[in-house]
Amino acid sequence: MTKKKLIAGNWKMNGNLASNEALLKALLQGGGSFECDVAVCTPAPYFAQVQALAAGTSLALGAQDVSAHASGAYTGEQSAAMLKDFGVRYAIVGHSERRQFHGETDDLVASKAAAALAAGITPIVCVGETLAQRDAGETEAVVKRQLAAVIHVNGHCISEIVVAYEPVWAIGTGKTATPQQAQSVHAVLRAQLHHAASAHAAGIRILYGGSMNAANAAELLAENDIDGGLIGGASLKAPDFLQIIAAAR
Ligand code: 13P
C-alpha cells in the first residue's frame with residue numbers, strides 16, 4: 001500500500017505572531033518540501049499568517065475545530081466554508097480536549113466531520129480512551145463507539161477522513177502508548193473501517209497522538225497500522241517537529 005504518512009502539528013492555544021513566524025521559518029528552512037504530508041493545525045486568528053508564510057510550500061494548513069453548521073447565529077464558531085477561504089486542508093474534530101471541556105458528543109463530532117467533508121476539508125477525527133476506561137478494559141469499546149458515530153453519519157465518505165487515535169492518558173503527560181499498545185488499537189480501528197469502507201479502508205490514514213516526540217516517533221511510525229502522528233507539544237519546537245517528520249518517510 002503506497003500511502004504517504006501524515007504528520008500534523010496541533011498547536012492548541014499557543015503562539016503569537018512573532019513566535020509563529022519564527023517556528024514556520026525554521027520548519028520551512030529546507031524549502032518546505034517534505035517526503036511525507038505535513039500540516040500545522042493553528043489557532044484560527046493565525047490562518048492568514050500561516051497561509052501567507054507557507055504559500056508555495058507543501059506545508060498544509062489545518063484547523064483545530066469546525067462548526068457543524070453552515071452559517072448563522074452561532075457566536076464564536078467558524079464554518080467549514082470560512083476555513084476553506086483561508087486554504088485550510090484539514091480540520092481536527094472531536095479532540096479529547098473539546099469532548100472534555102466543551103461537552104462535544106459523538107454525534108456532534110460526526111456532524112462536524114460531515115461539515116468538513118462537504119466543504120472539501122479532510123477531517124482528522126480523534127478517538128481515544130481515558131485512563132479509567134483503559135483500566136476498566138473498555139478501550140476497544142470506547143474507540144469503536146466514537147468512530148461508529150462518524151461512520152454512521154458519513155457513510156462511504158469516510159474513505160476521505162483521517163483518524164487519530166489519541167489515548168487521553170497520553171496527551172501532554174509524557175506517557176506515550178507503547179508501539180504495541182498503539183498498534184493493537186489501530187488494528188481494531190482498521191478492521192472497523194474495513195467493515196464500513198472495505199476497498200478503501202487500507203488507504204485511510206490512522207495517526208497516533210499522545211506525547212509523540214523526536215525520540216519515540218520512529219518506533220511508533222514503524223508499526224503496520226500507524227500512518228502518521230498528531231503532535232501537540234513537540235510540534236511547537238521546530239527541531240523536534242522536523243525530526244518527527246524525518247522519521248515518517
Ligand atoms: P501532546 O503531543 O502534547 O501529548 O498532545 C497530543 C495531542 O493532543 C495532539 O492533538
Side-chain angles (χ1 to χ4, degrees), residues 5-15 19-20 23 27 36-44 46 50 59-66 83 88-102 104 109 112-113 116 121-131 133-134 139 142-143 146-147 150 161-179 181-183 185-186 189 205-221 223 226-248:
K5 286 191 165 44
L6 169 63
I7 299 296
N10 175 7
W11 289 5
K12 308 194 179 182
M13 199 170 70
N14 293 294
S19 68
N20 298 345
L23 175 55
L27 289 179
C36 63
D37 289 336
V38 180
V40 287
C41 301
T42 75
Y46 299 120
V50 179
L59 180 68
L61 175 58
Q64 297 174 15
D65 185 29
V66 62
L83 305 189
V88 167
R89 294 256 302 276
Y90 300 94
I92 297 172
V93 298
H95 192 280
S96 64
E97 287 150 17
R98 295 212 58 90
R99 293 179 191 262
Q100 191 181 347
F101 304 133
H102 300 269
E104 293 198 5
V109 172
K112 289 183 169 195
I121 291 171
T122 302
I124 301 177
V125 176
C126 299
V127 301
E129 81 288 1
T130 63
L131 187 57
Q133 289 165 332
R134 172 162 283 265
T139 298
V142 169
V143 298
Q146 291 171 332
L147 184 57
V150 176
I161 74 172
V162 170
V163 177
Y165 170 53
E166 297 209 311
V168 179
W169 49 269
I171 294 176
T173 57
K175 277 189 213 147
T176 320
T178 65
Q181 278 174 325
Q183 167 57 31
V185 177
H186 282 229
L189 295 169
R205 291 182 290 194
I206 307 178
L207 316 183
Y208 169 79
S211 299
M212 195 190 251
N213 58 38
N216 62 27
E219 56 171 5
L220 285 158
L221 292 166
E223 293 292 336
I226 302 187
D227 308 312
L230 185 54
I231 326 293
S235 74
L236 298 171
K237 299 176 218 143
D240 297 52
F241 196 51
L242 286 169
Q243 254 183 281
I244 296 170
I245 292 167

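Whatever order the structure lists them in is the order used to number ligands and atoms, beginning at 1. Positions are given from 1 along the sequence.
To the nearest 0.5 angstrom, D240 atom CG is 11.0 Å from I245 atom CD1. From I244, atom CD1 reaches atom NZ of K5 across 14.0 Å, with rounding to the nearest 0.5 Å.
Counting heavy atoms closer than 4.0 Å to ligand 1, residue I171 contributes atoms from both its backbone and its side chain. Contacts of A170 with ligand 1, taken as heavy-atom pairs under 4.0 Å, involve the backbone alone.
At least one heavy atom of S211 sits closer than 4.0 Å to an atom of ligand 1.
The protein heavy atom nearest to atom 2 (O) of ligand 1 is G232 N, 2.9 Å. With hydrogens left out, the protein atom closest to atom 5 (O) of ligand 1 is K12 NZ, 3.3 Å, a heavy atom. At the shortest separation from atom 7 (C) of ligand 1 among protein heavy atoms lies E166 OE2, 3.2 Å.
Polar contact check, T173 against ligand 1: no nitrogen or oxygen pair lies under 3.5 Å apart. In terms of polar-atom proximity, G172 is counted as a contact of ligand 1, with an N or O under 3.5 Å from an N or O of the ligand. In terms of N/O distances under 3.5 Å, ligand 1 is approached by G233.
At least one side-chain heavy atom of I171 sits under 4.5 Å from a side-chain heavy atom of K12. When side chains are defined from C-beta on, S211 counts as touching T173, because their heavy atoms get closer than 4.5 Å. Here the side chains of E166 and I92 are not in contact, with every heavy-atom distance at 4.5 Å or above.
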- Item | Step-by-step side chain to side chain contact (heavy atoms under 4.5 Å, CB included) determination, K112 to R98 | CA-CA 12 Å; K112 289 183 169 195; R98 295 212 58 90; 4.2 Å; yes

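Heavy-atom proximity to G210, at under 4.0 Å, picks out these atoms of ligand 1: 4 (O), 6 (C).
Ring geometry for H186 versus Y208: interplanar angle of 30 to 60°, hence tilted.
Considering each of H95, M212, E97, the one bringing a non-hydrogen atom nearest atom 8 (O) of ligand 1 is H95.
For the residue pair Q64 and H95, no side-chain donor N or O sits within less than 3.5 Å of a side-chain acceptor on the partner.
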